[in-house]
Amino acid sequence: KNAISERDANFSLALKLMKLDDSRLNTYLAHYISPAKILEIEEAARAVQGDAKLLKGFALAQVAPEHARAIIKELER
């Protein structure tokens, strides 16, 4: 049950992070995760015809949820 609620919270964060422009989201990913992760996510999205931006949001929410929340708080001001 805890893992499901965490996934739901990450999904919510990821959707909100989609409000960022691509370059800003990439910058946060490079800082909080790694520059290589950006390319990895983009390749994975292409492989499944998925949404790279949403996958990047999921990655940031999963790895650095407290930073994702802070970023969203700034967006909502």
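Keep in mind that the numbers below use all heavy atoms, side chains included, and drop hydrogens, waters and symmetry copies.
- Pairing each heavy atom of Ile41 with each of Ala52, the nearest pair is CG2-O, 3.8 Å.
- Of all non-hydrogen atoms in Asn10 and Gln62, the two that sit nearest each other are ND2-CA, 3.8 Å.
- Between Ala14 and Gly57, the closest heavy-atom pair is CB-C, 3.6 Å.
- Considering CD of Glu43 and CG of Leu55, their distance stands at 12.5 Å, rounded to 0.5 Å.
- In this structure a side-chain-to-backbone donor-acceptor pair under 3.5 Å is missing from Lys19 to Ile72.
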Worksheet item: Going through the checks in order, is the side-chain contact (heavy atoms from CB on, under 4.5 Å) test met by Tyr32 and Leu60?
Response: CA-CA 8 Å; Tyr32 292 116; Leu60 187 57; 3.9 Å; yes
Discussion item. The test is side-chain contact (heavy atoms from CB on, under 4.5 Å); show your working for Met18 and Asp51 and say whether it passes.
Written reply: CA-CA 10 Å; Met18 289 187 70; Asp51 187 327; 3.5 Å; yes
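- A salt bridge is defined here as a Lys NZ or Arg NE, NH1 or NH2 lying under 4.0 Å from an Asp or Glu carboxylate O, and Glu66 with Arg69 fails to meet this definition.
- Separating the CG atom in Leu17 from the NZ atom in Lys56 is a distance of 12.0 Å, to the nearest 0.5 Å.
- If you run side chain to side chain contact (heavy atoms under 4.5 Å, CB included) between Ile38 and each of Leu25, Thr27, Leu29, only Leu29 comes through.
- Using a 4.5 Å heavy-atom cutoff, the side chains of Ile71 and Arg24 are not in contact.
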Practice prompt. Evaluate side-chain contact (heavy atoms from CB on, under 4.5 Å) for Leu39 paired with Glu42, printing each intermediate quantity in order.
Written response: CA-CA 5 Å; Leu39 296 175; Glu42 289 172 349; 3.9 Å; yes
